[in-house]
Structures are given as structure tokens and as C-alpha cells.
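Input: a single structure, listed below in C-alpha cells.
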Amino acid sequence: MEILHVSAECYPVAKAGGLGDVVGALPKYQNKLGHIAKVVMPMYRTKFLYEHEFEVVHKGAFGMANYWLDYTIIKQVNNSLGFDLYLVDIFGLLDREKIYGYGDDTERFTAFQIAVVDWVSKWKHHPDVINVHDHHTALIPFIMKHCFIYRNLSSVKTILTIHNAQYQGWMDWNKSNYLPEWDKWKWGMLDWEKNINPLASGIKCAEKVNTVSPGYLGELMHEANGLEKLFEYERGKCFGILNGIDNEVWNPKTDAFLEYVYDIDDYKEKKAANKKILCDQFNLDESKPLIVFIGRLVGEKAADLLPAVIGDSIYYMEGKMNFLILGSGDKAVEFQLENLQNQFFGYYNSMIGYNEKLSHQMYAGADFLLMPSRVEPCGLNQIYALRYGTIPIVRRTGGLKDTVKDFGEPGGFGICFDIASVGDICNAIHRAIELYQQKDKVNKIRKHIMKIDHSWEKSAQIYINLYNS
Ligand code: ADP
């Protein structure tokens, strides 16, 4: 089967979060299963672009509103990622350093989607499935089915994978002329509450829809940032498939970012050695449990609660723990987290920004990983933590509920709580500190979690089954 993944992110080419990890791994594992999976994404000005060789495979042009845009498709020459990687270059629009966050993101990603469809319409054959990911690519099923010039693609099957339904790509109706001439009787396939809503359009037009965990799909029927009724209505074509992790990238035994690689047999000393390096670097005390947070500093991740949680925990639990935070996002939260460094010097530290290497070192060196998320479609951090023998402290929501079981339950291994409030999070941290004192129990848990299999092999096959259906 030939599958084309269309995405705004793909690790290690360009990544902002879990979407990048998934699109960087799933196609590789689909290829290992004997299929042909390819990825096409925008050509940003990233390190990867300059460090690898590419060849031009196609040049084309299309109209968008009053503009005529030329595009070029380039392909990575040596296929180092385990799949064919294609980048779409649109001069001035896509070739920028950041993935998102520009005032013209709507124009950028609409142009990207039209370019991809235009390119595929010129192929001599059709792929069996086009798997689009999140709202940045969710107009593609509509464009293929209802834009007159691409009608030759209308029978190609499309799947929309939803990594995060909070962001939907809303566009004002006055931008409807961005799309190539389309069948106006089909306006309802673009509309949601008087806006063009790309995510809603993808849900309506794709043959199948999947979320990145079964738990998240259930929650979307009740809370989907305005799309609850749509998920309810389309539930027959929606499925939840739990993300896997790329065991080749996330492996404490071979991780090139770590000073001390380790395995189930020698994790005790090596994990402690990695912790010492982190603690020395960030002025923390290695004899205390180290609790880390890695992620986007946004409301979904309950990052706004972190300053109060850190302050209250250190104050009321008499500094029996250390905190280290890595992330970026809301400026107000970033500011508060940086300010806390002076107040709790020696107990707390943070690194504001994105740092892939440090994130690996933190998964390896930490004792606990905190994820108090309000919304978590799957969450990969907790799965990486498990693989690195770091105990997750999570709120029971979405994919966190599907992957972490409280150590108080039979077969449990994590720390779970229900409400994203300062009190409940502090209570969970208190339980973590008490658990930390019971060395034998902690070691038993670490050994158990490092063995849990969350590799992509299983989930990659479930995607294939979904395509086949
Ligand atoms: P989301 O996609 O909602 O941000 P996920 O848990 O699915 O959350 O995936 C987050 C991914 O992004 C993980 O690989 C995590 O390690 C990484 N990540 C998030 N923030 C940072 C950061 N500031 N520095 C390095 N890696 C980060």
C-alpha cells in the first residue's frame, strides 16, 4: 500500500511537539511492515535542510486569491529517515526559520496544502491513502473532492489524524477565495459556526478520522473546543489509535544525547550519574527527588499552575524536592517561572526555550516527570519517561489515562490524580516524595516501566488496518 503523510512537522526535520515525533516515526514503521509510506511537509529554513542533500523532483504553480504562486518539490537524496521525504518550497511563504507563529500562517498553510494537492494531481499514479495530520493539512480532503481542477483525485482515500483538536485553523469566510475554484453547493463542508474551519472540514470530508488515543476520542464528544456535536455526529468514522514511540530515537541504551547510557541492568548507577550532571548544571541537590516538567507552557498543559505548585510544594513540604522545568509558551508563565529562580535558588531551576538534547537528559536524569495537563490528546512525554525509568505524575485525562496506572492500583506504576488544581498537584507531589523514600519499591517500579512496550510496531499496523477498512 502506498501512503502519503502530509504534515507541518516531522522529526528531525522540524518539530514543535508530539506531531513531529509521530510523523517522524509512523511512516518508518509502516515501511518496515512492507508498505510504501512517504512524507511531504513545508520546506522551512531548518538545520536539517542545510545538512542534507536534496534534489528537485517537481515544479509547479497555482493561483491563490490574487496571487500566482510558484512551488518546488524537493526530495531528500539518501533517505536517511527510513522513508521518502519531500519538502514544498514556496518562496517567501514557507521558507522561514520557525514552523508556526507568523501573522500569515493561514496563507502559508493554505498555500502548502494547495501545492501538495497540485503536485499529487500530476503523479502518473495515485497513492492508496493520503493521511493528513491536524488542521494545517485538514483542507486537503475538501480540495481533492470539491475543487474542480483536482477532481481527478476525488476517489483517493483520505484519513485525518487529529493530534490536537484545540487548534482548528479558523479562517474568515472572506478568505474562501484562497481555495482553487470549488463547488459552491458544498460550502457546508467548509463551514463551522460561520467560519471556515479546516479541522471541521477535514472531519467532514475525510473517509476516516483518528485521534492519537482512545481516551481522547471519548473526551472529544463532550469537550472539543466547539466541535463536540460534529464528533458526536461523525462518531461512526472516528477511531482512537494510541501513539507509539520511536524506540530507536528514545532508547536509554543508545541515546547519543546522554553522558551515561543505561539499560535495565545498570540503570541505578547510570541514572544517578545522569542526575548528578543535571543537578550540578542547574544548582540542584542530587540527594533529593528531582521532579521535571518538559513541554509547551500553555493552558492545555496547566503550565499556569506550575509557579504556585512549585512555590507551595517547596514551602509546605520544606524543600524536600527539586524542580527543573524546560519549556516555552505563554510569556506571562515564562516570566513567572524565570522569576522563581531567585526565590527558590537551590531547589528549583528552569530553562525557557526549546532544547531537544536537554529534554533527553531530563527524561534520563529525573526521578519523576510531572504532567498535570488539562487536555492531553496522547502525550508522549510520559511514555518517554517510562522508557527511561522515570516515574510519571499525571492527571487522569486523554492519553495519560490510557498509558499510566497509579501505583496504588494492582499492576500500577505511576502517580495519578484527577483535578488540575494546585492542591491536587501538590498532593500528588507529596505522594511522590513519600514513594521516593521507599527505595525497593521505586526500583521495582523503575524496572517494570522500562520494560513496558510502547513501540510503534503495533500501532503502525492498526493504522494500516484503518486504511484497509
Ligand atoms: P504536545 O505535542 O501537545 O506538545 P506531546 O507530549 O505529544 O505534547 O509531545 C511533546 C514532545 O515535544 C516531546 O517529544 C517533548 O519532549 C517535546 N518538547 C516539548 N517542549 C519541549 C522543549 N521546550 N524542549 C525540547 N523538547 C520539547
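Counting starts at 1 for both ligands and their atoms, following the listed order.
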To which protein heavy atom is [atom] closest, and what is the distance rounded to 0.1 Å?
atom	result
atom 9 (O) of ligand 1	Gly18 N, 3.1 Å
atom 25 (C) of ligand 1	Asn355 O, 3.3 Å
atom 1 (P) of ligand 1	Lys301 NZ, 3.5 Å
atom 4 (O) of ligand 1	Arg296 NE, 2.8 Å
atom 20 (N) of ligand 1	Gly295 CA, 3.4 Å

### Query
Is there side-chain contact between Asn78 and Gln76, with heavy atoms separated by less than 4.5 Å?
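Answer yes - side chains close enough.
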
#### Entry: Contact check, side chains of Asn247 and Asn251, non-hydrogen atoms, under 4.5 Å
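Side-chain contact under 4.5 Å: no.
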
So is [X] close enough to ligand 1, meaning a heavy atom under 4.0 angstrom away?
X	value
Gly353	yes
Tyr11	no
Met351	no

### Query
Honestly, is Arg96 close enough over Tyr102, meaning NZ or CZ under 6.0 Å from the six-membered ring centre and within 45° of the axis?
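The answer is yes, since Arg96 meets both limits relative to Tyr102.
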
### Task
Would you verify whether the NZ or CZ of Lys271 falls within 45 degrees of the ring axis of Tyr267 while also being under 6.0 Å from that six-membered ring's centre?
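Not flagged: Lys271 not positioned over aromatic ring of Tyr267.
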
### Check: Cys10 main-chain N/O paired with Ser7 side-chain donor or acceptor under 3.5 Å
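No, the answer is negative, given that no donor and acceptor are paired below the 3.5 Å cut-off.
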
### Task
Measure from the side-chain N and O atoms of Asn197 to the backbone N and O of Glu193, and report whether any donor-acceptor pair falls under 3.5 Å.
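Between the backbone of Glu193 and the side chain of Asn197 there is no qualifying donor-acceptor contact (under 3.5 Å).
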
Identify which of [options] has a heavy atom lying nearest to [atom].
atom	options	answer
atom 12 (O) of ligand 1	Gly17, Gly398, Gly327	Gly17
atom 6 (O) of ligand 1	Asp134, Asn381, Val375, Asp21	Asn381
atom 26 (N) of ligand 1	Tyr363, Tyr384, Tyr354, Trp250	Tyr354

### Task
Determine whether the side chain, the backbone, both or neither of Lys15 has a heavy atom under 4.0 Å from any heavy atom of ligand 1.
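It is the side chain that gets close, since no backbone atom is under 4.0 Å.
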
### Message
So for ligand 1, is Leu380 a polar contact partner (N or O within less than 3.5 Å, distance only)?
### Response
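Looking only at distances, the answer is yes, because the N/O contact criterion of under 3.5 Å is met.
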
### Message
Taking atom OH as the centre, does Tyr233 end up with more than 12 heavy-atom neighbours from other residues, nucleotides or ligands that are less than 6.0 angstrom away?
### Response
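No, not enclosed.
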
### Message
Ring-plane angle category for His163 and His133, please: parallel below 30°, perpendicular beyond 60°, tilted otherwise.
### Response
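The rings of His163 and His133 sit tilted, inter-plane angle from 30° to 60°.
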
